[in-house]
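Data first, discussion second: the structure below is written as structure tokens.
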Amino acid sequence: MTTPLFLLRCKQLGLSMTELDLLTIGIINDMFTERENDDFDYCEYGNQADMDLF
């Protein structure tokens, strides 16, 4: 990932420069990935029985 792309992702997440001091690159990448997954329509959802098997 290039620096301009990283800064674009930060802007898309609405992060301030102060917040960037507190977060790592990995956390910001995870935040962006999770934001992109919010709109995904999963065909099957886990339930308590699935968690018990896990």
To the nearest 0.5 Å, how far apart are CZ in Arg35 and CG in Asp30? 14.0 Å
Under a 4.5 Å cut-off applied to non-hydrogen side-chain atoms, are Met1 and Ile25 in contact? no
Look at atom CG of Asp41 and say whether more than 12 heavy atoms of other residues, nucleotides or ligands are closer to it than 6.0 Å. no
Please check if the side chain of Glu36 supplies one atom and the backbone of Thr33 the other of a donor-acceptor pair under 3.5 Å. no
In this structure, OG1 of Thr24 is separated from CG of Asn29 (nearest 0.5 Å) by 8.5 Å
Does atom CG (Leu13) have a neighbourhood of more than 12 heavy atoms from anything else shown, all under 6.0 Å? yes
Connected via hydrophobic side-chain network under 4.5 Å: Phe40 and Tyr45: yes
Taking atom CG of Leu15 and atom CG of Asp21, what is their separation to the nearest 0.5 Å? 11.5 Å
Please round to the nearest 0.5 Å and tell me the distance separating atom CG of Leu23 and atom OG1 of Thr18. 11.0 Å
In terms of hydrophobic clusters joined by side-chain contacts under 4.5 Å, are Leu22 and Phe32 together? no
Euclidean distance, Ile27 CD1 relative to Met31 CE, rounded to 0.5 Å: 8.5 Å
Quick note, ring pair (Phe, Tyr, Trp, His ring centres under 6.0 Å) partners involving residues 4-29, not counting sequence neighbours, are none
